[in-house]
Amino acid sequence: VVAGKPEIVHVACLDSPETQHRLAQVSWFGRAALSWLELEVERGSEVCLTEMRPERRDGEDHRIVYVRLPDGEDYSAKAIGSGFGLLRADVCGRAAEYRRLEDAAIAAQRGLWSPRAEGPAVAAVSHAGGASSGPPPRRRASGGT
C-alpha cells in the first residue's frame with residue numbers, strides 16, 4: 001500500500017499462466033498454478049518485497065520485485081522449482097539459479113511439466129495454431145527444446 005492505495009507489483013523473473021484465457025486449456029494451467037499457490041502460501045501472510053537493482057517497472061509502472069515468503073523462501077524459486085511457474089529470464093539477475101530449478105522440475109515432471117498436463121498443453125497449442133499465447137513449449141531439462 002502506497003499513500004493509502006493498494007499498489008500492483010509483479011514478481012521478478014516469474015511467469016505463470018492466466019486463470020482466465022480465451023483458450024480453456026490455457027486457463028487450466030492458470031487454475032492449477034493458482035491452486036498450488038493457495039496451498040503453499042497462506043492467504044494474508046506477510047511477505048518481504050525486495051527491489052531489483054536497478055529498480056524495475058513494467059510498461060504500466062508496476063514495480064517488479066523479488067518476494068520472500070514468511071519462512072524465508074524465495075517465492076520465484078519455490079514456484080519455478082515446483083513446476084508451477086516459468087522463468088522469465090529476459091531481465092533477471094537470478095536467471096542461472098532459476099534455470100537450474102526449472103530444468104530440475106522438467107526432468108522430475110513436477111507441476112505443469114507433469115504427464116497430466118500433457119493433454120491440456122497439446123490441446124492449447126493445437127487450438128492456438130501453435131501461437132505463443134499457449135503454454136510453454138515442452139523442453140528437456142538440459143535446456144533444449
Side-chain angles (χ1 to χ4, degrees), residues 1 6-128 130-145:
V1 178
E7 182 179 17
I8 296 173
V9 298
H10 293 278
V11 180
C13 310
L14 183 66
D15 199 359
S16 185
E18 299 172 21
T19 58
Q20 294 185 1
H21 191 276
R22 65 182 177 82
L23 299 173
Q25 295 84 354
V26 175
S27 295
W28 180 90
F29 286 94
R31 288 190 307 277
L34 180 59
S35 293
W36 171 83
L37 171 63
E38 290 172 339
L39 291 171
E40 293 295 316
V41 182
E42 186 176 330
R43 187 176 294 269
S45 296
E46 288 191 23
V47 298
C48 179
L49 305 181
T50 306
E51 298 288 346
M52 295 183 75
R53 294 287 179 228
E55 181 181 313
R56 304 261 319 158
R57 291 190 176 262
D58 68 9
E60 296 177 25
D61 203 35
H62 301 147
R63 290 170 42 207
I64 301 173
V65 298
Y66 292 106
V67 177
R68 182 127 342 250
L69 298 172
D71 64 3
E73 203 165 357
D74 175 334
Y75 176 70
S76 293
K78 187 170 189 168
I80 292 168
S82 296
F84 287 101
L86 306 171
L87 170 62
R88 289 191 70 164
D90 49 341
V91 186
C92 179
R94 301 177 184 174
E97 171 192 351
Y98 294 162
R99 175 70 66 208
R100 283 190 297 277
L101 292 169
E102 187 173 77
D103 287 346
I106 293 166
Q109 299 182 330
R110 287 192 292 265
L112 301 176
W113 302 107
S114 76
R116 272 189 40 201
E118 186 82 28
V122 169
V125 171
S126 66
H127 282 95
S132 62
S133 63
R138 298 309 231 175
R139 67 178 183 82
R140 296 172 206 249
S142 63
T145 51

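Computed from a predicted structure; not experimentally measured. The basis for the numbers below is simple: all heavy atoms, side chains too, and nothing from hydrogens, waters or symmetry mates.
Relative ring orientation between Trp36 and Phe84 is described as parallel, the plane-to-plane angle staying below 30° on a 0-90° scale split at 30° and 60°.
Between Gly81 and Arg110, the closest heavy-atom pair is O-NE, 2.8 Å. Taking all atoms of both residues into account, the shortest heavy-atom contact from Cys13 to Gly93 is SG-N, 4.5 Å. Pairing each heavy atom of Ala95 with each of Ala89, the nearest pair is CB-CB, 4.1 Å. Closest of all the heavy-atom pairs between Cys92 and Leu87 is SG-CD1, 4.4 Å. Of all the heavy atoms in Arg94 and Asp74, the pair that sits closest is NH1-OD2, 2.9 Å. The minimum heavy-atom distance between Arg88 and Asp15, with the atom names listed, is CG-CB, 3.3 Å.
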Begin from the C-alpha positions of Leu37 and Tyr75 and carry the test side chain to side chain contact (heavy atoms under 4.5 Å, CB included) through to its verdict. CA-CA 10 Å; Leu37 171 63; Tyr75 176 70; 3.4 Å; yes

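Looking at heavy atoms from C-beta onward, Asp71 lies in side-chain contact with Lys78 at the 4.5 angstrom threshold. With contacts defined as side-chain heavy-atom distances shorter than 4.5 Å, the pair Cys48/Val67 does not qualify.
Atoms CD1 and CG, on Ile106 and Leu112 in that order, are 11.0 Å from each other to the nearest 0.5 Å. Of the inter-residue distances, the one linking Ile64 atom CD1 with Leu14 atom CG reads 11.5 Å to the nearest 0.5 angstrom. Between His10 atom NE2 and Met52 atom CE the span is 13.0 Å, to the nearest 0.5 Å. In this structure, CD in Gln20 is found 9.0 Å from CZ in Arg31, a value given to the nearest 0.5 Å.
The main-chain N or O of Ala12 is found under 3.5 Å from a side-chain atom of Ser76 such that the two form a donor-acceptor pair. Under a 3.5 Å cut-off, the side chain of Arg63 and the backbone N or O of Glu51 do not form any donor-acceptor pair. Under the 3.5 Å distance criterion, the side-chain polar atoms of Ser82 are left unmatched by any main-chain donor or acceptor of Ala79.
Atom CD of Glu38 has more than 12 neighbouring heavy atoms from other residues, nucleotides or ligands inside a 6.0 Å radius. No more than 12 heavy-atom neighbours from other residues, nucleotides or ligands sit within 6.0 angstrom of CD1 on Ile8. The number of heavy atoms from other shown groups lying within 6.0 Å of CD (Glu55) is above 12. Counting heavy atoms of neighbouring residues, nucleotides and ligands inside a 6.0 Å radius, atom CZ of Arg56 does not exceed 12 of them.
Glu102 and Arg99 are joined by a salt bridge, as a carboxylate oxygen and a charged side-chain nitrogen come within less than 4.0 angstrom of each other.
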